[in-house]
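In what follows, residues are counted from 1 in the order of the sequence shown.
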Amino acid sequence: MAGMRSRQRMFAAVMRLLLKCLRLGRRRRFKLVRQAEQLWHYGHLCLRSLLYNSFTNGDVVLDSLFEPIYWLVDHVTRWFGVTYTPAWICWHLAYGHWNLIMIVFHYYMAITTSPGHPPQAKDDLTGVSICRKCIAPKPARTHHCSICNRCVLKMDHHCPWLNNCVGHYNHRYFFSFCLFMTMGCIYCSISGWEMFRDAYAAIERMKLLEKERLQVAANQTYYQTPPPTFSFRQRAFHKSVVYLWVLCSSVALALGALTVWHAALITRGETSIERHINKKERQRLQKKGKVFRNPYSYGSWDNWKVFLGVDMPRHWLTRVLLPSPHLPHGTGLSWDLPPCMTKQRALLLAI
C-alpha cells in the first residue's frame with residue numbers, strides 16, 4: 001500500500017508539472033502574439049506618418065503609378081513619334097523583328113549543324129580517292145580541314161566566327177547568316193542616320209562649349225572648378241549613338257563584301273576551295289585549246305535553286321524568307337542531279 005501511494009504521489013506531481021508547463025507555454029505564446037500585434041500597429045502608424053500628405057488623393061496615386069509609362073514615352077518612343085509616321089513604325093517593328101529572327105536562327109544552325117563527314121570505313125564507298133592525311137575515303141568535293149583534323153563534305157572553309165567548318169550541311173546557314181546580318185547592319189545604318197547626325201552635332205557642340213567654358217574659367221578666379229555644361233549621361237548617350245552607327249556601317253561594308261564574294265561562288269556552282277582548283281584546271285586546259293566546264297554547275301539560276309533547296313515556287317517563301325531547317329540536296333557523298341533539275345531535263349526530253 002505504501003508503494004502504491006508513493007507511485008500515485010509521483011504521478012500527481014508529474015501531471016502538475018506538465019500542466020504548469022502548458023500554462024507557461026500558453027502565456028508565452030500569447031505574449032509573443034501580443035508583441036507582434038503591437039509592432040505591426042507601431043510600424044503601420046510610422047509608415048502613415050511618414051507618407052501622410054493632405055494633398056494626396058486618387059489622382060496623385062494614379063499619376064504615380066503611370067509615371068514609368070510616361071518616362072518610357074518620353075525617353076524611348078519619342079524617336080519614333082518625332083521621326084516616323086505610324087506606317088513607318090509598323091514597318092520598323094515588322095522588318096526589324098523578322099531580320100533579327102533570321103539572323104539568330106541561321107547563326108545558331110550554322111554553329112550547331114555538322115558540315116558532314118565521309119564514313120571512315122573504306123568498304124562503304126567505292127571508286128573514291130583516299131585522303132593522304134586521315135587515310136579515309138575522300139569523295140568528290142571533299143577536302144581535309146587541318147583545324148578539325150578530318151575530311152569535310154563539300155568543304156568551303158573553316159570559319160573562326162562559327163568555330164565550325166562550313167560544308168555540305170551548313171553552307172546554306174552560313175551564307176544566310178551573312179546575308180541577313182548585312183541586311184540588318186544596312187537597315188540600322190540607314191534608320192539611324194538622323195540620330196547619328198544629331199549625336200555628332202551634339203558632340204561637336206559639347207566640345208565647343210567646353211572650350212569656351214575653359215577660356216572663361218582661365219580669366220576668372222573660382223574657389224572650385226565650375227560644373228560641366230553637359231552631364232556624363234548626355235555625353236555617354238551621344239557617343240554611344242555615334243559608335244553604334246560607325247560599327248554597323250563598318251560591319252555592313254566588311255560582311256557585305258564577303259557575302260557578295262560567296263554569292264558569286266554560288267552563282268558559279270563552286271566553293272572557295274573549288275575556285276582555286278577550277279582556276280588552275282581552266283588555265284591548264286586553255287593551254288591545250290580546250291574549254292573547262294564545271295561538272296557541278298547547272299546554270300546561274302539553277303545553282304541558286306539547288307543551293308537554297310527550292311524545288312517548287314512556294315519554297316521561296318517557306319525555305320528562303322522564313323526559318324527552315326530543311327536538308328540540302330544529296331548526301332554529299334555522290335552528286336546526282338537534284339529533283340528540280342531532273343524534272344526540267346525530263347520536260348526537255350519530252351519536248
ask   = So Leu153 and Leu333, side chain to side chain contact (heavy atoms under 4.5 Å, CB included) or not? Walk me through it.
value = CA-CA 7 Å; Leu153 299 175; Leu333 301 175; 3.8 Å; yes

**Prompt:** Could you go step by step and tell me if His144 and Cys134 meet the side chain to side chain contact (heavy atoms under 4.5 Å, CB included) rule?
**Reply:** CA-CA 8 Å; His144 187 87; Cys134 58; 3.7 Å; yes

* Asked: Going through the distances and angles, do Thr142 and Met155 end up as a side chain to side chain contact (heavy atoms under 4.5 Å, CB included)?
  -> CA-CA 6 Å; Thr142 299; Met155 180 179 175; over 6 Å; no

Check the pair Cys248, Leu244 against side chain to side chain contact (heavy atoms under 4.5 Å, CB included), reporting the backbone distance first and the verdict last.
CA-CA 6 Å; Cys248 287; Leu244 173 66; 3.9 Å; yes

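Residue pairs meeting the salt bridge (Lys or Arg N to Asp or Glu O under 4.0 Å) criterion with at least one member in residues 252-267: none, sequence neighbours excluded. Identified under the salt bridge (Lys or Arg N to Asp or Glu O under 4.0 Å) test for residues 252-278, with sequence neighbours left out: Arg141-Glu274, Arg268-Glu270.
A search for side-chain hydrogen bond (donor to acceptor under 3.5 Å, both in side chains) contacts involving Asn164 returns nothing, not counting sequence neighbours. Taking His157 as the reference, Phe174, His262 meet the ring pair (Phe, Tyr, Trp, His ring centres under 6.0 Å) condition, with sequence neighbours excluded. Residues forming a side-chain hydrogen bond (donor to acceptor under 3.5 Å, both in side chains) with Ser240 (at least two apart in sequence, or on another chain): none. Legend: residues meeting ring pair (Phe, Tyr, Trp, His ring centres under 6.0 Å) with Trp261, ordered by chain and number and at least two apart, are absent. The side-chain hydrogen bond (donor to acceptor under 3.5 Å, both in side chains) check on Thr182 picks up Thr259, with sequence neighbours excluded. Listed by chain and residue number, Leu308, Val310, Trp316 satisfy the side-chain contact (heavy atoms from CB on, under 4.5 Å) test with Val320 (two or more places apart in sequence, or in another chain). Applying the side-chain hydrogen bond (donor to acceptor under 3.5 Å, both in side chains) rule to His117 yields the partners Arg150; only residues at least two apart in sequence or on another chain are considered. Residues that satisfy the side-chain contact (heavy atoms from CB on, under 4.5 Å) test with Leu253, not counting sequence neighbours, are absent from this structure.
Partner His238 forms a side chain to side chain contact (heavy atoms under 4.5 Å, CB included) with one of Met195, Glu204, Met206 and no other, that one being Met206. Paired with Phe180 under the rule ring pair (Phe, Tyr, Trp, His ring centres under 6.0 Å), one option of Tyr95, Trp98, Tyr107 passes, and it is Trp98.
Applying the 4.5 Å side-chain rule to ILVMFWY residues, one finds Trp335 in the same cluster as Tyr296. Grouping Ile, Leu, Val, Met, Phe, Trp and Tyr by side-chain contacts under 4.5 Å, direct or through others, puts Met109 with Phe105, Tyr108, Tyr173.
Across Cys165 and His158, no two heavy atoms sit closer than the pair SG-ND1, 3.3 Å. In terms of heavy atoms, Val251 sits closest to Cys185 at CG1-SG, 3.5 Å. Considering all non-hydrogen atoms of both residues, Arg172 and Phe307 come closest at CA-CZ, 3.5 Å. The shortest heavy-atom contact between Leu162 and Ala110 is CD1-CB, 3.8 Å.
Between the side chain of Asp156 and the main chain of Ser272, a donor-acceptor pair closer than 3.5 Å is present. The backbone N or O of Gly269 sits nowhere less than 3.5 Å from a side-chain atom of Tyr298 that would complete a donor-acceptor pair. Under the 3.5 Å distance criterion, the side-chain polar atoms of Trp245 are left unmatched by any main-chain donor or acceptor of Phe196. With hydrogens and angles disregarded, a donor-acceptor distance shorter than 3.5 Å links the side chain of Asn170 to the backbone of Gly167.
Between Asp311 and Lys305 there is no salt bridge, since no side-chain nitrogen of the basic residue lies less than 4.0 Å from a carboxylate oxygen of the acidic one.
Defined by atom type and a distance below 3.5 Å, a donor-acceptor pair is present between the side-chain atoms of Tyr187 and His92. A donor and an acceptor atom, one from each side chain of Trp304 and Thr267, are located under 3.5 Å apart. A donor-acceptor contact under 3.5 angstrom links the side chains of Ser297 and Asn303, judged on distance only.
When the side chains of ILVMFWY residues are joined at heavy-atom separations under 4.5 Å, either directly or via intervening members, Leu100 and Ile111 end up in two distinct hydrophobic clusters. Transitive grouping of hydrophobic side chains (ILVMFWY, heavy atoms separated by less than 4.5 Å) keeps Val241 and Tyr200 in distinct clusters. Hydrophobic clustering places Trp301 together with Phe175 (ILVMFWY residues linked when any side-chain heavy atoms are closer than 4.5 Å, directly or through intermediates). Linking ILVMFWY residues whenever their side-chain heavy atoms come closer than 4.5 Å, directly or via other members, places Leu258 and Met102 in the same cluster. Neither Ile130 nor Val152 shares a network with the other; the hydrophobic side chains, linked directly or stepwise wherever heavy atoms of I, L, V, M, F, W or Y lie under 4.5 Å apart, form separate groups for each.
Gln286 places none of its side-chain heavy atoms less than 4.5 Å from the side chain of Lys290. Counting heavy atoms from C-beta on, the side chains of Val242 and Ile203 come closer than 4.5 Å.
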